[in-house]
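Have a look at the structure below before the remarks.
Worth knowing before you read on, the calculation uses all heavy atoms, side chains too, and leaves out hydrogens, waters and symmetry mates. Below, chains carry the letters A, B, ... as their sequence lines are ordered, and counting in each starts from 1.
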Amino acid sequence: MKYWLMKSEPQVFGIDDLKSRPNQTEPWDGIRNYQARNFMRDSMNIGDFAFFYHSSCPKPGITGIMEVTKSAYPDKTQFDPNNKYYDPKSNVQNPRWFNVEVTFKEKLVLIPLHDIRNNIKLATLQILKRGNRLSITPITKKEWAEIMNMCR
DNA sequence: GCCAACGTTGGC
DNA sequence: GCCAACGTTGGC
């Protein structure tokens with residue numbers, strides 16, 4: 001089982017949106033970055049856990065936990081010309097973008113980015129690295145445990 | 001709203 | 001295949 005950190009802007013889709021979805025489940029679609037796509041397509045498995053991270057908002061940080069409940073399949077938004085994630089260069093025969101599905105597990109008391117940054121044990125976190133822009137990053141079991149320590 | 005960082009695009 | 005221009009991300 002692997003651990004992940006997945007970013008989303010709460011004004012677009014936040015932890016409460018996930019919690020209120022039918023079955024508390026949602027496709028993690030709209031990812032248009034190859035590295036992030038590869039993580040979903042090649043490395044994510046059912047049963048993996050992920051932190052839900054709120055970005056581009058007044059209080060950026062980790063807000064909850066979700067579980068991967070469906071492995072990667074072609075992201076259907078890429079084929080819909082009316083969708084903002086439409087990709088005219090992709091096609092059904094050879095899809096370019098993939099998504100997994102995630103299910104809400106638990107809300108956490110917000111762990112602010114500021115606190116994460118100040119935790120020396122988390123210095124290895126990819127999202128803290130200079131210039132990081134990846135919306136999906138793997139995290140280690142150790143990092144996961146340390147973050148859980150911060151809110152328990 | 002600014003801006004640094006970095007990925008993507010497309011002409012050559 | 002290089003690289004300048006451009007677009008996006010995301011904290012502040």
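- Heavy atoms of A:K89 sit under 4.0 angstrom from primed sugar atoms or phosphate atoms, though from no base atom.
- B:dT8 atom P lies 6 Å from atom CG of A:N33, rounded to whole Å.
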Nucleotides 9-12 of chain C: which of its N/O atoms have a protein N/O under 3.5 Å away?
residue	atom	partner	partner atom	Å
C:dG10	OP1	A:K7	NZ	2.9
C:dG10	OP1	A:R133	O	3.3
C:dG11	OP1	A:Y53	OH	2.8
C:dG11	OP2	A:S56	N	3.0

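- Comment: A:R96 engages A:D87 in a salt bridge, judged by a side-chain N to carboxylate O separation of less than 4.0 angstrom.
- Look at CG on A:D87: it is 12 Å from C1' on B:dT8, rounded to the nearest Å.
- Residue A:I111 belongs to a hydrophobic cluster whose other members are A:M1, A:Y3, A:L5, A:F49, A:F51, A:Y53, A:I62, A:I65, A:L108, A:L113, A:I116, A:L122, A:L125, A:I127, A:L128, A:I139, A:W144, A:I147, A:M148, A:M150, with links defined by side-chain heavy atoms closer than 4.5 Å.
- Shown here are the ring pair (Phe, Tyr, Trp, His ring centres under 6.0 Å) partners of A:W4, two or more places apart in sequence or in another chain: A:F39.
- A:Y34 is linked by a ring pair (Phe, Tyr, Trp, His ring centres under 6.0 Å) to A:W97, counting only residues two or more places apart in sequence or in another chain.
- Rounded to an integer number of Å, the gap from CG of A:L128 to C1' of B:dA4 is 17 Å.
- For residues 56-85 of chain A, the set of pairs meeting the ring pair (Phe, Tyr, Trp, His ring centres under 6.0 Å) definition, not counting sequence neighbours, is empty.
- When the side chain to side chain donor-acceptor pair (under 3.5 Å) test is applied to A:D115, no partner is found at least two apart in sequence or on another chain.
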